[in-house]
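A short write-up of the structure that comes next.
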There are 4 protein chains.
Amino acid sequence: MAKKTGEKYQAIIDAAVKVIARYGYHQAQVSKIAREASVADGTIYLYFDSKEDILISLFREKMGLFIKTIQERIDKFERAEDQLRELIYLHLWQLSQNRSFAVVTQIELRQSNLKVRMGINEVIKKYLNMIDQIILLGKQQQVFRADVEHAIVRKMIFGTLDEAVTSWVMNEREYELVSLVDPLHNLFVHGLKT
Amino acid sequence: MAKKTGEKYQAIIDAAVKVIARYGYHQAQVSKIAREASVADGTIYLYFDSKEDILISLFREKMGLFIKTIQERIDKFERAEDQLRELIYLHLWQLSQNRSFAVVTQIELRQSNLKVRMGINEVIKKYLNMIDQIILLGKQQQVFRADVEHAIVRKMIFGTLDEAVTSWVMNEREYELVSLVDPLHNLFVHGLKT
Amino acid sequence: MAKKTGEKYQAIIDAAVKVIARYGYHQAQVSKIAREASVADGTIYLYFDSKEDILISLFREKMGLFIKTIQERIDKFERAEDQLRELIYLHLWQLSQNRSFAVVTQIELRQSNLKVRMGINEVIKKYLNMIDQIILLGKQQQVFRADVEHAIVRKMIFGTLDEAVTSWVMNEREYELVSLVDPLHNLFVHGLKT
Amino acid sequence: MAKKTGEKYQAIIDAAVKVIARYGYHQAQVSKIAREASVADGTIYLYFDSKEDILISLFREKMGLFIKTIQERIDKFERAEDQLRELIYLHLWQLSQNRSFAVVTQIELRQSNLKVRMGINEVIKKYLNMIDQIILLGKQQQVFRADVEHAIVRKMIFGTLDEAVTSWVMNEREYELVSLVDPLHNLFVHGLKT
DNA sequence: GATGAATGAGGGTTCATTCAT
DNA sequence: AATGAATGAACCCTCATTCAT
């Protein structure tokens with residue numbers, strides 16, 4: 001039914017990020033997003049099936065780019081340790097560059113209902129797979145212990161990064177998120193190395 | 001205004017956990033909680049100031065016990081490594097014993113509004129402090145490196161455990177959460193040790 | 001059912017006047033009246049059938065005294081003009097002496113529902129009859145024109161006094177209500193005299 | 001926010017008058033008004049900010065017309081006595097023509113809360129000013145005594161007319177309200193004349 | 001007689017979605 | 001394709017009244 005392409009499709013998604021970041025999830029009404037995107041309320045439904053669909057699409061589009069960027073950049077490194085460092089760096093750097101998006105993903109979208117969060121999980125799985133690949137590579141390169149289970153390491157890396165960003169977003173006094181890259185990389189590598 | 005003690009106070013909190021776990025946060029109406037607790041809707045307001053107050057109290061009560069249990073048990077260990085293992089074990093064990101509560105804390109309550117989440121953060125801070133204490137002790141005992149920042153380690157430990165539980169809750173096929181204790185402890189200790 | 005006598009009966013009525021005057025009609029809950037009267041909520045219902053019954057009784061008791069006082073005092077005058085002056089004087093004086101009661105009768109009780117206002121009207125009829133008697137006497141004494149209808153004059157006198165008190169109660173800057181006695185008496189007598 | 005013009009705006013106001021007159025203030029739910037106006041509940045809020053806003057707007061619109069009509073018609077008379085008669089006549093005639101509106105203004109709206117009554121008072125002030133003008137003119141034309149205070153005369157005229165209409169509305173057996181015009185005019189003029 | 005904990009019915013308002021233009 | 005006026009379902013909380021003690 002919904003078109004899901006075109007100028008207005010993007011405009012609506014961008015408007016949604018802005019509105020959610022500014023007013024919070026519970027105050028991000030469809031009519032407010034429409035006004036921000038300079039379209040009529042009804043127009044939203046030519047491009048999206050429902051409000052939920054906006055949120056899922058938003059996450060998919062933005063997170064897709066987020067992941068794509070990381071994937072492309074870690075491919076340039078051969079050593080698993082370097083790939084891991086790049087992943088940590090890009091994860092923190094990309095979100096620190098766009099605080100609005102960070103607020104939306106870390107705080108606001110988590111208030112959404114089951115359906116939206118299911119849609120979000122789909123996207124996150126790709127990210128987790130990427131982490132798995134690095135761990136696997138590390139094992140092959142024999143820099144990571146063979147006995148660590150990737151399902152567990154993945155939780156550690158993702159959980160830690162996620163907590164770090166959430167903590168940064170919630171914290172009022174600002175600090176450089178990327179300053180955590182080396183300490184975290186250190187911790188992970190120490191934890192993993194043979 | 002609200003009484004906040006007594007049999008019905010507990011009954012309402014327990015009912016809230018059940019209802020939220022079963023129907024989800026957005027479908028947990030006050031009247032449903034009242035019915036589950038076998039009290040009238042109005043009775044709720046003799047014990048709680050508002051629906052928000054139920055949720056915050058719920059978290060405070062249950063999480064308070066959760067933390068107290070951990071604190072008491074880790075005090076019996078002298079070595080930081082053992083304390084850390086006990087914390088990991090009790091964190092995972094307690095939540096795996098009460099899947100309803102796990103669903104509520106890991107998934108449902110995160111959809112709540114700012115006020116509720118503020119109340120929740122208050123409680124979590126205590127937990128984070130407890131982690132800090134273990135790290136500090138580990139440094140004193142010279143089993144953890146002196147150069148790791150506890151603010152970062154804390155994020156790793158909490159983030160990882162949180163992600164592990166969330167992942168377990170979201171996962172349909174059941175597995176033993178406590179089976180993660182040793183692998184996680186291993187990872188952390190490796191990461192931290194001198 | 002209800003007892004309608006005794007110390008507590010009076011205490012509840014007095015408490016109701018205070019509470020309504022202080023908090024307004026819509027914020028005068030039964031429990032607040034009970035607390036002011038130092039009795040339990042349930043005790044109210046040993047003395048009154050309903051909240052409405054409190055309000056009607058309040059008006060009946062207080063207004064009964066109000067009217068009785070006027071009746072007794074105007075009987076001491078023989079000339080209709082003097083009786084009218086005394087009625088005006090006592091109407092304004094009594095209410096100016098007890099601003100709480102004035103607020104309650106002029107403003108707050110008028111927000112009550114039909115049933116209460118019906119009960120109130122019962123009492124007011126007695127007052128209107130008293131006015132009628134004075135007019136009748138004036139006609140007999142041939143100081144008031146024979147062609148004025150008492151039903152109309154009654155409306156003028158009561159309506160004017162009522163409006164004067166309401167206006168005084170609503171007015172923030174205070175002025176002496178009794179200063180209106182002579183001007184009003186003048187106006188009425190001029191309007192009525194042969 | 002609210003539109004406050006258009007066909008439906010009027011329809012809702014008219015529906016509110018009907019519903020309040022028929023069911024009374026306390027039984028005039030928004031949904032009932034919406035049904036009477038043949039619109040959805042939510043539509044009400046496209047035209048009014050709140051239920052209170054409906055009531056204040058209702059009074060303002062209807063009473064505005066009421067006052068405007070009187071003002072225009074009394075301007076055609078030069079003598080203060082004639083103006084006063086016209087005011088009395090139109091006050092009573094207009095309300096007797098629309099018993100629903102009379103019920104609403106004399107009885108039902110007086111049960112409303114402070115905010116609504118404040119809004120109502122604003123409008124009534126204009127009416128009182130109009131009375132003041134007539135009195136002033138009468139003094140200039142030396143048909144009314146110079147020593148009568150207009151603040152007091154105003155209370156008499158408004159209070160009497162108000163009481164007359166209320167009494168008529170409350171009275172079950174019907175009689176012609178306009179039959180009171182001459183007697184009342186007589187009383188007032190006698191009271192005021194030099 | 002007195003208590004006060006418990007009851008439960010009732011309503012103003014929001015906002016995602018539709019559809020006639 | 002685009003509009004935006006209209007829809008109507010859904011819910012937290014208050015408070016007069018009851019009744020077991």
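Chain letters run A, B, ... following the sequence lines, proteins first and then strands; every chain starts at 1.
Summarising the geometry, the separation between OH on Y45(C) and P on dT7(E) is reported as 17 Å, rounded to the nearest angstrom. Remark: P of dC15(F) and CD of Q27(C) are 6 Å apart, rounded to the nearest angstrom. The interatomic distance linking K3(B) (NZ) with dG4(E) (C1') rounds to 11 Å, in whole Å. Rounding to whole angstrom units, CD1 of residue I20(A) and P of dA16(E) are separated by 11 Å. Taking atom OH on Y9(A) and atom C1' on dA1(F), their separation rounds to 18 Å, with Å as the unit.
You'll find that the side chain of A40(D) is closest to dT7(F), out of dC13(F), dT7(F), dT13(E). The nucleotide whose nearest atom lies closest to any side-chain atom of Y47(D) is, among dA5(F), dA6(E), dA2(F), dA5(F). Minimum atom distance to the side chain of L46(D) is reached by dA5(F), of the listed dA5(F), dG12(E), dG4(E).
Proximity of K8(C) to the phosphate of dA2(E): a side-chain N or O atom is located under 4.0 Å from OP1 or OP2. Distances shorter than 4.0 Å separate some side-chain N or O of T43(C) from OP1 or OP2 on dT3(E).
Under the 30°/60° scheme for interplanar angles, the aromatic rings of H26(C) and H26(D) are found to be tilted. Between F59(B) and F101(B), the two ring planes are tilted [angle within 30° to 60°].
Nearest-nucleotide positions on DNA chain F for K51(B) and S31(C) put K51(B) closer to the 5' end. Comparing V39(B) and D41(D) by the nucleotide of DNA chain E whose heavy atom lies nearest to each, the residue mapping closer to the 5' end is V39(B).
Base pairing of dA20(E) is made with dT3(F), judged by Watson-Crick or G-U wobble geometry with both donor-acceptor distances under 3.5 Å.
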